[in-house]
Structure formats: structure tokens, C-alpha cells
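Below, chains carry the letters A, B, ... as their sequence lines are ordered, and counting in each starts from 1. Computed from heavy atoms alone, side chains included, the values below leave out hydrogens, waters and symmetry copies.
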Amino acid sequence: MAPKKRARAAAIANQSKALEGSSDAKDGDGGRERKRVAYAKKSESQKNTSSASEKATYTHWLMKSEPESRIENGVDVKFGIEDLKALPNQTGCWDGVRNYQARNFMRDMKVGQQAFFYHSNCKEPGIAGIIKIVKEAYVDHTQFDKKDVHYDPSSKPENPKWSMVDVQFERMTKRFIPLTELKKYHLKHKGSGGALSCMALFTRARLSVQPLTAEEFDFILSLEDTDPV
DNA sequence: GCCAACGTTGGC
DNA sequence: GCCAACGTTGGC
């Protein structure tokens, strides 16, 4: 069936419940992560949180979610920025991420950092607004819920695989920044060494949670005050 | 709805 | 540990 929205933020009503279950896995460590770009070829143990001394530190992010209705396993996975805005305190948990690289990036997130809210798999893909991290990575309880679209029978409560963060709506961008426009800059910058020459959105297809350099983040913010290209 | 890209699984 | 088959992502 159709794919899904891998990252669906939800109201955090029962977050305390999720919290007690198992302390956030600080799993191992045996594994070190490679410096900036982690490939997916690693063994399970290597996919866990890496030691701070080794990894590149990112401060800005881009998180994808689907703003249009799509039914997966009988459940509508729609979650656009307006849906986040409508939650109590305009805050929700970013559950449902089931990709190791994306998960690891969420584990690197710190309270107060900003992320772009990106609308994917929809009529007009692009950046709709800015959100901020308000709670650092903790166990994603939906992995144990058989009724949940993102239930993962291979994950055990004693050693949870998946994490999520809480995010809060900050503001809409002054204008919607479409993927098509970002792509034009990316292509142009690839030749000139500009800000978006290596943007993960284009170099790491399908990654639903991705890091941005400060330069990338600032450049995209500057587009708010420019005319659409 | 198509399909390219690419992550995951499992046989060997 | 290789790699073909399979499943998912997500633009178009």
C-alpha cells in the first residue's frame, strides 16, 4: 500500500506514559558514527547514538511531513504545518520515523534548535514554516502499538529502536518556499559553489529528517524576502 | 499513477 | 558479506 508518512507528529497527551516505559535508549555506543554523513550500511549496533566527540554537530534541520490526506492501513497520515499549529500549545511529537539515519539526526537535536517544516508528497512540495525542538529524543511509543501505522514488531520495549522529539510551531515562513525554487538554486549553486550546492534535500533522496548547515538555513531564510524565482 | 532512487531483507 | 529481490519515498 501506499507509503506513508513517515513522520507524523501527534499531540503529546500521553507522553509521560511513553517516557516511563523505558528510559531512552542510550544504547550503546559501541558504535561510532562516521563524521558527517552517515550511510545506512552500518550494522545495528553502529546505528545507535554516537559519542559526541566524533560527530559533526548540526544546529539546523529540515523535517518532512505530508499535508494532504492519504490513507495507510486505514489511517489518515496527513500532518501538515496547520495540523501542528492546531495542537495544544502548538506542540506535537514527531513520531513514526522508521529510518536509522533520520532517527540518528533526531537524536542529535537539541532543545531550542530550529527546523524547517517541509511539505512532502503533495501538490506543492516545499518549506511552509519554521518549528523548534522543545524536547530532545525519547522513545517513540508508537513502535509498540499494534494498531499504529508505524508499529514495529521487531522492536522490544527492553531495547527500543525508534526515537522521536517534540516540536513546536514557531512561525510560517513569510512565503511558501517551493521545492522547485530550492532546486533551481541547488543547480545554480552546484556550479558556483553557492549555499545550496550540497543541500541534503537533493543529495540524500528520501531522508525525512535531515540536517542543514547554518549557511543553508540562512540562505533559505533570505529567500523569504526575495521574489520567487 | 508512474517510476527512479535507494534502504532493507534474506538466501547463499 | 555479497547482492538480487523487494518495499518505500516522494517528485512529477
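Under 4.0 angstrom from either OP1 or OP2 of B:dC6 there lies no side-chain N or O belonging to A:Y100. In this model, the phosphate group of C:dG10 is approached by a side-chain N or O of A:K64 to a distance below 4.0 Å at OP1 or OP2.
Applying the side chain to side chain donor-acceptor pair (under 3.5 Å) test to A:E224 and every residue at least two apart in sequence or in another chain returns A:R171. Residues that satisfy the salt bridge (Lys or Arg N to Asp or Glu O under 4.0 Å) test with A:E216, not counting sequence neighbours, are absent from this structure. Partners of A:T226 by side chain to side chain donor-acceptor pair (under 3.5 Å), not counting sequence neighbours, listed by chain and number: A:R175. Applying the side chain to side chain donor-acceptor pair (under 3.5 Å) criterion to A:D225, with sequence neighbours excluded, gives A:K174.
A:Y118 comes within 4.0 angstrom of sugar-phosphate atoms only, judged by non-hydrogen atoms across all strands, and of no base.
Rounded to a whole Å, the CG atom of A:L207 is 17 Å from the P atom of B:dA5. Atom-to-atom, CG of A:D152 to C1' of B:dT9 comes out at 13 Å; the value is rounded to the nearest Å. When the P atom of C:dT8 is taken as reference, atom CZ of A:R103 falls 19 Å away, rounded to whole Å. The interatomic distance linking A:Q210 (CD) with C:dT9 (P) rounds to 15 Å, in whole Å. C:dT8 atom C1' lies 11 Å from atom CG of A:N121, rounded to whole Å. Taking atom CZ on A:F202 and atom C1' on B:dC6, their separation rounds to 17 Å, with Å as the unit. Distance A:R204 CZ to B:dG7 C1': 12 Å, rounded to the nearest Å. Atom P of nucleotide C:dG10 and atom CZ of A:R206 are separated by 8 Å, given to the nearest angstrom.
Taking both residues in full, the closest heavy atoms of A:L87 and A:G92 are given as CD1-CA, 3.8 Å, listed atom of the first, atom of the second, then distance.
Near DNA chain C, meaning a heavy atom under 4.0 Å away, the residues from residues 176-186 of chain A are A:L179, A:K183.
Screening residues 160-187 of chain A for ring pair (Phe, Tyr, Trp, His ring centres under 6.0 Å) gives A:Y100-A:W162, A:Y185-A:H189, A:Y185-A:F219, A:H186-A:F202 as the qualifying pairs, with residues at least two apart or on separate chains.
Counted by atom type alone, A:S155 and A:R98 present zero donor-acceptor pairs between their side chains at under 3.5 Å.
Listed candidates were B:dG7, B:dA5, C:dG11. Nearest to the side chain of A:A205 is B:dA5.
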